[in-house]
Amino acid sequence: MPYFQDYPARTGDRTLFKMAHYLPLYDDLLAPLQGRDISFLEIGIYKGGSMPMWQGFFGQGARLTFLDIDPACQTLQLPGTRVEIGDQSDPAFLARISSEHGPFDLIVDDGGHKMHQQITSFRHLWPQLNDRGLYIVEDTHTSYWPGFGGGHRNPASFIEFAKDLIDQMHSWYTEDDAAFPLHPLAREIGGIRFHDSLVIIEKRLKEPPLSITATNGQATGSRKLLQVRGRKSIF
Ligand SMILES: C[S@@+](CC[C@H](N)C(=O)[O-])C[C@H]1O[C@@H](n2cnc3c(N)ncnc32)[C@H](O)[C@@H]1O
């Protein structure tokens, strides 16, 4: 039985608060991490129901950090986990968490879901994500809710911020340095997945893209695609 999909039936007295459709998706997406001693951070504890879920998935060797703004969450710490109390939109707090517990292989933002919270956390925690790590932002439907600082096509929303990440990931293909300059995230973002209410950003440190041609088992590589656009400076 898939671990996450089946998990609600195995919960104890701590309430888990997730959207149902995340669970089969996490089974598909996170399967390579099951049982691995990874470094993990979740923003948002609430009743602590996700803590045993993540611990059971990764195992006792994983380093698990959970943070919440509510001091009452401190009592929910489980053996083998760390609970930190603070505001996910406070850069000084995020810097302390990062220096004490980072870097991380997986970060899940299930905190306050307001635009400035999601964006500030991403900006300050992305540099703390290891190569090949995943940054998951849950409940991104709040990007469409004015009460959370969002609204359809509101440039301040997290969804619009994430759409900009798509451009930044591709920014080394630009010919227009003035309007669309090369962004450092071109070297860091491997992919971005948009699901209903979830945005998942994969870190993959990379060189400028190489085209290959292969014939009879012989491969040759070229960066001509970028050279013809005058992008030699980024090699
Ligand atoms: C949806 S609940 C978390 C649910 C939990 N991750 C689970 O899966 O069961 C959201 C939590 O985010 C916390 N929160 C709200 N604003 C926050 C902020 N600015 N910084 C950190 N945590 C915040 C709330 O106190 C609440 O406990």
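Values below: every heavy atom of this structure, side chains too, minus hydrogens, waters and symmetry copies. Numbers here simply count residues along the sequence, with the first being 1. When a ligand or atom number is given, it counts from 1 through the structure's own listing order.
- Each ring pair (Phe, Tyr, Trp, His ring centres under 6.0 Å) pair with one or both residues in residues 163-220, not counting sequence neighbours, would appear here, but there are none.
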Requested in this report: Determine, step by step, whether F57 and Y7 satisfy the ring-ring contact (aromatic ring centres under 6.0 Å, His included) criterion, reporting the C-alpha distance in whole Å, the side-chain angles of both residues, the deciding distance to 0.1 Å, and the verdict.
Outcome: CA-CA 10 Å; F57 183 70; Y7 190 78; over 10 Å; no
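- Although no hydrogens or angles enter the test, the distance criterion places a donor-acceptor pair under 3.5 Å between the side chain of T75 and the main chain of A72.
- Grouping the Ile, Leu, Val, Met, Phe, Trp and Tyr side chains by contacts below 4.5 angstrom, directly or via other members, places I136 apart from L67.
- Note: Y26 and F4 have perpendicular aromatic rings, judged against thresholds of 30 and 60 degrees for the angle between ring planes.
- In this structure, Q227 contributes its side chain and S222 its backbone to no donor-acceptor pair below 3.5 Å.
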Quick check for students: name every N or O atom pair between ligand 1 and the protein closer than 3.5 Å, with distances.
residue, atom, partner, partner atom, Å
ligand 1, 6 (N), E42, OE2, 3.3
ligand 1, 6 (N), G44, O, 2.8
ligand 1, 6 (N), D110, OD2, 2.8
ligand 1, 8 (O), F17, O, 3.4
ligand 1, 8 (O), K18, NZ, 3.1
ligand 1, 8 (O), D110, OD2, 3.4
ligand 1, 9 (O), F17, N, 2.9
ligand 1, 12 (O), G111, O, 3.4
ligand 1, 19 (N), D87, OD1, 2.9
ligand 1, 19 (N), Q117, NE2, 3.2
ligand 1, 20 (N), Q88, N, 2.9
ligand 1, 22 (N), I69, N, 3.2
ligand 1, 25 (O), D68, OD1, 2.7
ligand 1, 27 (O), Y46, N, 2.9
ligand 1, 27 (O), D68, OD2, 2.7

